[in-house]
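One structure is given below, encoded as structure tokens.
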Amino acid sequence: MSSPYGGFYLNAINRKEQKKFVESKQVFMQLAFSLEKAGQRLLIHSGKCLLAEPYCIEQDDWQVIIQANTLDSGLLQLNCTLRQTCKSDGIAHQVITLSEGEKITTLLADMPDMAINLSASLIAKD
């Protein structure tokens with residue numbers, strides 16, 4: 001006769017193994033981001049985030065949400081949504097495609113005085 005606790009023990013082991021498997025498949029990205037308006041830096045951020053997961057940057061009165069994906073060609077595609085928290089209508093969206101490790105500067109659509117400086121590279125899990 002088996003112990004009723006055996007099922008709980010086996011489930012715990014299975015959950016632990018499943019967690020290890022999922023974590024081994026995660027891809028991280030090193031991101032350096034800055035936002036400029038008329039040459040003045042409004043936001044500077046550098047950090048590590050999960051690829052294919054939304055990454056939120058909040059600094060001063062700016063909020064930036066970045067969703068990164070890899071394309072079949074090996075390029076990184078970043079969907080950036082910018083919002084000024086003190087303005088309800090201050091939303092901008094920019095799609096940026098770059099190679100890994102490349103540093104790029106792009107003007108925001110509909111806001112020619114604002115620019116995004118961005119670099120991203122994939123990194124191995126710690």
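What you see below is based on every heavy atom in this structure, not just the backbone, and it leaves out hydrogens, waters and symmetry mates. By convention here, the first residue in the shown sequence is residue 1. All of these numbers come straight from a predicted model, not from anything done at the bench.
The two atoms that bring G101 and S121 nearest to each other are N-CB, 3.9 Å, heavy atoms only. The two residues Q94 and A109 make their nearest non-hydrogen contact at OE1-N, 3.1 Å. What you find for H45 and Y55 is that their closest heavy atoms are NE2-OH, 2.6 Å. Shortest non-hydrogen contact noted between I44 and Q59 is O-OE1, 3.0 Å.
Residue pairs satisfying the salt bridge (Lys or Arg N to Asp or Glu O under 4.0 Å) criterion with at least one member in residues 54-67, sequence neighbours excluded, are absent. For residues 29-45, every residue pair satisfying the salt bridge (Lys or Arg N to Asp or Glu O under 4.0 Å) rule, not counting sequence neighbours, is listed here: E36-R41. Identified under the ring-ring contact (aromatic ring centres under 6.0 Å, His included) test for residues 64-87, with sequence neighbours left out: none.
Under a hydrophobic clustering in which Ile, Leu, Val, Met, Phe, Trp and Tyr are joined whenever their side-chain heavy atoms come within less than 4.5 Å, directly or via other members, L43 and I65 fall into different clusters. Residues L107 and I66 do not share a hydrophobic cluster, clusters being chains of Ile/Leu/Val/Met/Phe/Trp/Tyr side chains in contact below 4.5 Å. Linking Ile, Leu, Val, Met, Phe, Trp and Tyr whenever their side-chain heavy atoms come within less than 4.5 Å leaves L31 and V95 in two separate clusters.
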Quiz item: What's the verdict on side-chain contact (heavy atoms from CB on, under 4.5 Å) for L51 and F28, showing C-alpha distance, side-chain angles and the deciding distance?
Solution: CA-CA 5 Å; L51 190 67; F28 287 87; over 6 Å; no
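Proximity of L42 to W62: side-chain heavy atoms (C-beta onward) are separated by under 4.5 Å at one or more points.
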Which donor-acceptor pairs under 3.5 Å do the side chains of residues 67-75 make with protein atoms, sequence neighbours left out?
unit_1, atom_1, unit_2, atom_2, d
Q67, NE2, A52, O, 3.0

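Taking the side chain to side chain contact (heavy atoms under 4.5 Å, CB included) definition, one finds that E102 meets it with L98, S99, sequence neighbours left out. With sequence neighbours excluded, no residue satisfies ring pair (Phe, Tyr, Trp, His ring centres under 6.0 Å) with H93.
The line from SG of C80 to CZ of F33 is 5.5 Å long, rounded to the nearest 0.5 Å.
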